[in-house]
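Have a look at the structure below, then the notes.
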Amino acid sequence: MQQESGFEQRQLPNTLVVQVLGVISIFVFWYYGIWGLISGIVALMLAKQDLVRYYNDPDNYSFSSYKNLKAGRICAIVGIALSALVSLLTIALFIAVATGVIGNELRFFQ
């Protein structure tokens, strides 16, 4: 895409990385939630840097890379939400086992 001044608009530098980490955070949320949280948080931090770059100089970067960055950011947010839910359920399960809530039912079958 050419601008009037004659130079080509660039892609935002971390767009692809944010998209990949956002999708990874969705696919690995079921690993106790920790890997989805890590990749999602890293994706959000990188997305924030690129959003600042874009807002400071929108004419220098292409709008398609901005849209791709927003899509990766949304994937990261969904991955973080799913990972947080799985993390809370995992902690609740460990607490239930540690306090004997689930253990009492298991002794009944023995």
Side-chain angles (χ1 to χ4, degrees):
M1 175 182 293
Q2 293 284 334
Q3 288 182 330
E4 294 89 29
S5 61
F7 67 91
E8 189 173 328
Q9 289 181 324
R10 298 181 294 172
Q11 299 289 322
L12 289 163
N14 296 323
T15 302
L16 182 63
V17 176
V18 170
Q19 284 182 317
V20 169
L21 287 174
V23 170
I24 286 174
S25 71
I26 292 174
F27 282 119
V28 299
F29 75 90
W30 47 275
Y31 279 118
Y32 304 109
I34 189 70
W35 298 113
L37 282 173
I38 291 171
S39 63
I41 290 170
V42 170
L44 283 181
M45 290 189 311
L46 292 173
K48 183 179 179 185
Q49 292 174 355
D50 274 3
L51 285 174
V52 169
R53 280 189 188 112
Y54 184 80
Y55 291 142
N56 287 337
D57 192 13
D59 295 332
N60 201 21
Y61 299 104
S62 69
F63 186 68
S64 65
S65 69
Y66 171 73
K67 290 193 313 187
N68 290 338
L69 181 73
K70 295 285 274 188
R73 186 173 175 265
I74 290 170
C75 288
I77 291 170
V78 169
I80 287 174
L82 291 172
S83 298
L85 180 66
V86 168
S87 295
L88 290 174
L89 290 175
T90 302
I91 291 169
L93 179 66
F94 283 139
I95 290 172
V97 168
T99 58
V101 172
I102 294 177
N104 290 335
E105 295 161 359
L106 293 176
R107 282 188 223 126
F108 176 74
F109 292 111
Q110 290 179 350

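Note: hydrogens, waters and symmetry copies are ignored here, and every other heavy atom, side chains too, is used. The first residue of the sequence shown is numbered 1, and numbering continues consecutively from there.
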Using the side chain to side chain contact (heavy atoms under 4.5 Å, CB included) rule, pick out the option among Q49, Q19, M45 that qualifies with N14.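 Only one of Q49, Q19, M45 forms a side chain to side chain contact (heavy atoms under 4.5 Å, CB included) with N14, namely Q49.
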As an exercise, state the distance from [atom1] of [X] to [atom2] of [Y], rounded to the nearest 0.5 Å.
| X | Y | atom1 | atom2 | answer |
| --- | --- | --- | --- | --- |
| L37 | L82 | CG | CG | 10.0 Å |
| T90 | L85 | OG1 | CG | 9.0 Å |
| L69 | I74 | CG | CD1 | 10.0 Å |
| Q9 | D57 | CD | CG | 9.5 Å |
| N60 | Y54 | CG | OH | 11.0 Å |
| L21 | L44 | CG | CG | 10.0 Å |

Considering all heavy atoms of both residues, which atom of [X] and which atom of [Y] are nearest to each other, and what is their separation?
| X | Y | value |
| --- | --- | --- |
| G79 | F29 | O-CB, 4.3 Å |
| G33 | S87 | CA-OG, 3.5 Å |
| R73 | V18 | N-CG1, 3.9 Å |
| Q11 | S64 | NE2-OG, 4.1 Å |
| A76 | G40 | CB-O, 3.8 Å |

Considering residues at least two apart in sequence or located in another chain, which fulfil the salt bridge (Lys or Arg N to Asp or Glu O under 4.0 Å) criterion with R53?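 Once residues adjacent in sequence are excluded, the partners of R53 under the salt bridge (Lys or Arg N to Asp or Glu O under 4.0 Å) criterion are D50.
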